[in-house]
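To start, the structure itself, in structure tokens.
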Number of protein chains: 2
Amino acid sequence: MSEPPKHCVATDAAVFSVVNGTLKILLIKRKYDPFKGMFALPGGFLEDTDKSLNECVKRELYEETGVDNIFLKMLHAYGDVGRDPRGRVVTVAYLAVINSSDVELNKTKVSENAEWVDVSSVKALAFDHSTILAEALDELRHEIMDSTIVFQLLKKRFTLTEMQKSYEVILGKPLDKRNFRKWIKQHDILFATDQTKMEGVHRPARLYEFKDKRYKRF
Amino acid sequence: MSEPPKHCVATDAAVFSVVNGTLKILLIKRKYDPFKGMFALPGGFLEDTDKSLNECVKRELYEETGVDNIFLKMLHAYGDVGRDPRGRVVTVAYLAVINSSDVELNKTKVSENAEWVDVSSVKALAFDHSTILAEALDELRHEIMDSTIVFQLLKKRFTLTEMQKSYEVILGKPLDKRNFRKWIKQHDILFATDQTKMEGVHRPARLYEFKDKRYKRF
DNA sequence: CCAAAAGTGTTTCCGATACACCCATGA
DNA sequence: TCATGGGTGTATCGGAAACACTTTTGG
């Protein structure tokens, strides 16, 4: 057996957020060929200094968008010949959701091409990133029902209505208020603070926090 | 930005079967260092001639064990530094199940070290393959309830009791006969042939076939 | 007629869904 | 007192689980 062949390895992140009641995906406008001018998922090559794939995707995300300290769930690897015109690249896709107000895009030179784009208006993406995005969105809809990943999307304190809205935007359908509250309560992941949020001319809403902000599957 | 670094990429397969009523995993006894003499999952490096990761894992599996024409589901990628003492290797793990009687192990020089090993008696494996095996088994238990992957495990014709036994061995717990039959019938994936299987001194069992042997999620 | 596995329905339970009214606030 | 969103409970439905007896065969 000869020396094993070597290949480029990369990570890509599908990072979702809810902004103004719509589901957004964090994309980078490419400055160089291939696919110059098109949108792509943030990501990049695995470096020797990355101790793990997880570290790689976090580093790339930070460098390209300023997003830091975020939970990323691995989704799938893509390694078909021809998926990158420059040569073979095996990429590992990750999923994340964040609260967009925790992030200031365009604050560095490198991240100046990062944008929140409406998922519903995303057209063709660079490479096979349209496929990755579609699969990530599908996975997100499962994850949100099945894990505590929604933690990432909300601020430290939030009302149950805000939480429900996040679910509705991600799932793309309305939920029943009473059933949603019963469901979320039975998971026992929240506690009610003694504070309320007053906004507008109506009864103030109780503010909640997560008991444990770590990712956990139900 | 400099040239992207290159890395070894590999695939590994966790191939399960049920033999004599016990759950088995297909392992290779390593002939060379590192981990010489230890068991490992079958797998190997991605070659330039492999047009996809899927093709790579199928090729490796065929070369090392003679197993051919099998459905493999991608599970997860592992890329931590140090998981292979020879240098960094990013590996992509796959899951499969097969009917062990469709395969003749040890029929070639290269595959002479392949063995079916009781999952319950597997000790330490080479590399991080113990982790991969554990995660694969977990995934298998979900897959079997959620997809038609059990197709791979059974012969062309089989009785419902044989099918149920496969589920029981994989899940590691007994199932209720009537509930199992109701459940499997409601998925509408089988048809009853007009033949029966006579074996022993008791009522013959009807033989069934799959309507469609392709992998499908429920 | 006996042993052994095949085959078959009904009841119960629990989680998911549907659904409508009162409450607290500021203007 | 009104407009606005916050907050709450019950009845129904449907799928999952529990559960036991009859049938067919060869010896």
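Every heavy atom of this structure was used, including side-chain atoms; hydrogens, water molecules and symmetry mates were not. In this text, all values refer to a predicted model and were calculated from it rather than measured experimentally. Chain letters run A, B, ... following the sequence lines, proteins first, then strands; residues in each count from 1.
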Looking only at heavy atoms, the pair that brings Lys58(B) and Ile70(B) closest together is CE-O, 3.1 Å
Here the distance between atom P of dT24(D) and atom CZ of Arg203(B), to the nearest Å, is 5 Å
Here the distance between atom P of dA16(C) and atom CZ of Phe218(A), to the nearest Å, is 12 Å
Whichever of Val201(B) and Tyr208(B) has the more 5' nearest nucleotide on DNA chain C, that residue is Val201(B)
Pairs under 3.5 angstrom only: tabulate donor-acceptor contacts from the side chains of residues 149-160 of chain A to other protein residues two or more places apart or in another chain.
unit_1: Arg157(A); atom_1: NE; unit_2: Glu209(A); atom_2: OE2; d: 2.5
unit_1: Arg157(A); atom_1: NH1; unit_2: Gln195(A); atom_2: OE1; d: 2.3
unit_1: Arg157(A); atom_1: NH2; unit_2: Glu209(A); atom_2: OE2; d: 3.1
unit_1: Thr159(A); atom_1: OG1; unit_2: Glu162(A); atom_2: N; d: 3.1

Pairing of Lys51(B) and Asp80(A) as salt bridge, 4.0 angstrom limit
no
Here the distance between atom P of dG7(D) and atom CE of Met163(A), to the nearest Å, is 14 Å
side-chain N/O Thr161(B) vs dA5(C) OP1/OP2, d < 4.0 Å | no
Distance only, no hydrogens: is a donor on one side chain within 3.5 Å (strictly under) of an acceptor on the other, for Ser101(B) and Asn99(B)?
-> yes
Legend entry - Lys/Arg N to Asp/Glu carboxylate O, Arg59(B) vs Glu63(B), below 4.0 Å: yes
Assess, by modelled atom type and distance only, whether the side chains of Tyr94(B) and Glu60(B) contain a donor and an acceptor separated by less than 3.5 Å. no
Rounded to whole Å, CE of Met198(B) lies from P of dG27(D) at a distance of 10 Å
Between CE of Met145(A) and P of dG15(C) the distance, given in whole Å, is 15 Å
Atom CD of Glu162(B) and atom P of dA5(C) are separated, to the nearest Å, by 13 Å
Arg206(A) atom CZ is separated from dG6(D) atom P, nearest whole Å, by 14 Å
Here the residues of residues 164-186 of chain A within 4.0 Å heavy-atom distance, strictly under, of DNA chain C are Asp176(A), Arg178(A), Asn179(A), Lys182(A), Gln186(A)
